[in-house]
Number of protein chains: 2
Amino acid sequence: MPSSPVADPLQPPQTVEAFRTRLAELSGHLPRRLQQCADHLAAHQDSVAVSTVAEVAARAEVPPSAMMRFCQILGFSGYSEMQRLFRNAMTLGLPDYATRLANLKSGPADRPAALLAEFVEAGRLSLERLTRDLDEDLLNQAVEVLSSAAVIHLAGYRRALPVAAYLAYVFEQLAIPAMLHDGIGGLDQRNAMRAGDALLAVTFAPYSSETLSVAAAGRARGLPVVILSDPPATPLLPQADLVLTVAEADFGAFRSLSATTAFALSLAVAIAARRKG
Amino acid sequence: MPSSPVADPLQPPQTVEAFRTRLAELSGHLPRRLQQCADHLAAHQDSVAVSTVAEVAARAEVPPSAMMRFCQILGFSGYSEMQRLFRNAMTLGLPDYATRLANLKSGPADRPAALLAEFVEAGRLSLERLTRDLDEDLLNQAVEVLSSAAVIHLAGYRRALPVAAYLAYVFEQLAIPAMLHDGIGGLDQRNAMRAGDALLAVTFAPYSSETLSVAAAGRARGLPVVILSDPPATPLLPQADLVLTVAEADFGAFRSLSATTAFALSLAVAIAARRKG
DNA sequence: CCCAAAATAGAATATTTGTTCCACCACGCG
DNA sequence: CGCGTGGTGGAACAAATATTCTATTTTGGG
């Protein structure tokens, strides 16, 4: 691809990394006002996504026109184009969303490989978002609670079943007592939840009533309940002691589980480490 | 007009928390278009900060004016005021992805968050490799074969079960006849495989004998057999018509399924598109 | 089945925001 | 010591965007 190590002054940076590189290159041999722009952007680059030129310029203590000139020096056509870069990087929705969705819906012989590229992109965004938005404290609490359980009960239906099943597999590998409530044949396994155990339930909106009912049963027995879901999980807050959320980017009506599986695995391994330590 | 005589003195939510609460209150007893707004905002609340009304409205599949009305129902004077709430919440927010990832990794290796950062990194690598190493021709053939099947039979055990289960879920959503051979209670479902059907088996090294035996049964019945596995899949080549591989990066002894789920979803959606087209 | 009230869509309007342009200033070089 | 080059700020202009308004459709009650 046409991305060279040395910055081409006519081509705008396509990624935030490229943007930073360009900024570093320029910084130092720049007229005073433009240097101010560079310094300010280096320190507050993400605020570009949500601010107007006037605001950014004011914070950098330069007139708006100076900021405009600076954008153009970076290779952008103007402030808007630079802003678009940061907006795209910030939102989980894919760029050109409408166009791509139209292609997916109408495009007759859309190549499977193109489709795959979209889902890979969605997965990448989700993973990125996962580290950025992580509530570390919440995760630590979940590890704490679950690692001290005698048996970890797992629940998850429909789209959440793969995650619960995966957790069951990993826990077994790690020699951690765990039990998957698969609800096969309508058989409950709720009475298997005993004092000293804990429940880890996985559910995504719209929340399946089975999962919620297992969670309620767990609480009724006094078990700590941890729910893994997608944001916003507001309706779940009263149902659990801890609610962890993973935002999974969608493409069209479809959502992969790329970030969720990574999160689940981390959780399991962290629990194992805690139990050993 | 901050105070009205009626018992609906709507003050705009001052925090995102308050915003979520109000959303939850309203949701349910709302006219159709406004409910769409509520649903969309619940799922993509942060994208408001970086999008115009027109964009948000388009994604929610409502006209812009409907979104405006909804903002006013929430108590805001208009979209701009609502947007301000999210912009403010975001600027105080976290450093960007690269910085955050570096911070997470630099900490003690036993921190759950550090662990997560590693798995996220592994996931990203896997996704990257997935597009790079993709054998497009093979994927097209798989789509071709599976899309013309009357029923798609799915097999997968142990670590592959989540993938097979996920495929079963997605096929059902897409109204594609599919059957998961879960092998529950040691019950085979092999006689359900009939002429005109196809088998999609998922297995990773070391290959489970159950999966291989289902694949053999499928072939014996003359069904086309597609296997989804990890490289090198050489031992599987004689067992199947097509062998697709997804390389999943590992961290320590552990492998996530980030790339595999993305691949599985793509495959399913591509098959659906092919059947419709 | 009809009517009133609410909801809706899209066009018209108002406002905000980005961008360009040009007069002015500072500095260095002939 | 002027003259030219490059930098600067602000005002004028253009584009994008939010917001309001109204004709039309839908909904629910009598």
Donor-acceptor check, side chain of Q83(B) to backbone of S51(B), threshold 3.5 angstrom: yes or no? yes

With axes from five pairs an end, tell me the bend angle of the helix from dC1(C)-dG30(D) to dG30(C)-dC1(D), nearest 10°. 10°

Would R124(A) and E121(A) count as a salt bridge (Lys or Arg N to Asp or Glu O under 4.0 Å) here? Give the steps. CA-CA 5 Å; R124(A) 254 202 50 239; E121(A) 181 62 13; 2.9 Å; yes

Write down the protein N/O and nucleotide N/O pairs, taken from nucleotides 12-16 of chain C, whose separation is under 3.5 Å; answer none if there are no such pairs.
none

Any donor-acceptor N or O pair under 3.5 Å, side chains R33(B), Q36(B): yes

What's the closest nucleotide to the R33(A) side chain, out of dA9(C), dT8(D), dG18(C)? dT8(D)

Hey, does the side chain of S80(B) come within less than 4.0 Å of dT17(D)'s phosphate (OP1/OP2), counting only N and O? no

Whole angstroms only, please: what is the CD-P distance between Q36(A) and dG9(D)? 8 Å

Using 0.5 Å steps for rounding, measure from the OG1 atom of T15(B) to the CG atom of N88(B). 12.0 Å

Please answer whether the main-chain N or O of T52(B) pairs with a side-chain N or O of E55(B) as donor and acceptor at a distance below 3.5 Å. yes

F70(B) CZ to dT8(C) P, straight-line distance once rounded to whole Å: 12 Å

Tell me every residue that passes ring-ring contact (aromatic ring centres under 6.0 Å, His included) with F19(B), counting only those two or more places apart in sequence or in another chain. F86(B)

Nearest 0.5 Å, please: how far is OG in S77(B) from CZ in R84(B)? 7.0 Å

Could you state the CZ-P distance from F76(B) to dT19(D), rounded to the nearest angstrom? 12 Å

Which heavy atom in T203(A) sits nearest to a heavy atom in S229(A), and how many Å separate them? O-OG, 2.8 Å

What's the closest nucleotide to the side chain of L34(B) if the choices are dT8(C), dG9(D), dT19(D)? dT8(C)

Measure from CE on M67(A) to P on dT17(C) and round the result to the nearest Å. 16 Å

Round to a whole Å and report the spacing from NE2 of H29(A) to P of dG6(D). 17 Å

When you measure from the centre of the six-membered ring of F204(A), is the NZ or CZ of R159(A) closer than 6.0 Å and no more than 45° off the axis? yes

Non-hydrogen side-chain atoms of L130(A) and F263(A) separated by less than 4.5 Å: yes

Measuring from atom OG1 of T260(A) to atom CG of L257(B), what distance do you get when rounded to the nearest 0.5 angstrom? 11.5 Å

Smallest separation among heavy atoms of L115(A) and S266(B), with atom names: CD2-O, 3.9 Å

Provide a list of protein-nucleic acid N or O atom pairs under 3.5 angstrom, restricted to nucleotides 25-30 of chain D.
none

For residues S27(A) and Q35(A), is any side-chain donor paired with an opposing acceptor at under 3.5 Å? yes

Report, one pair per line, the protein and nucleotides 20-25 of chain C atoms (nitrogen or oxygen only) whose separation is under 3.5 Å.
| from | atom 1 | to | atom 2 | distance (Å) |
| --- | --- | --- | --- | --- |
| dT20(C) | OP2 | Q72(A) | NE2 | 2.8 |

Spacing of E61(B) atom CD relative to dG10(C) atom C1', expressed in whole Å: 18 Å

Inter- and intrachain pairs under salt bridge (charged side-chain N to carboxylate O under 4.0 Å, His left out), touching residues 204-220 of chain A, at least two apart: R219(A)-D241(A)

Distance in angstrom units between R84(A) CZ and dT19(C) C1', rounded: 14 Å

Taking atom C1' of dT17(D) as reference, at what distance in whole Å does atom OH of Y79(A) sit? 16 Å

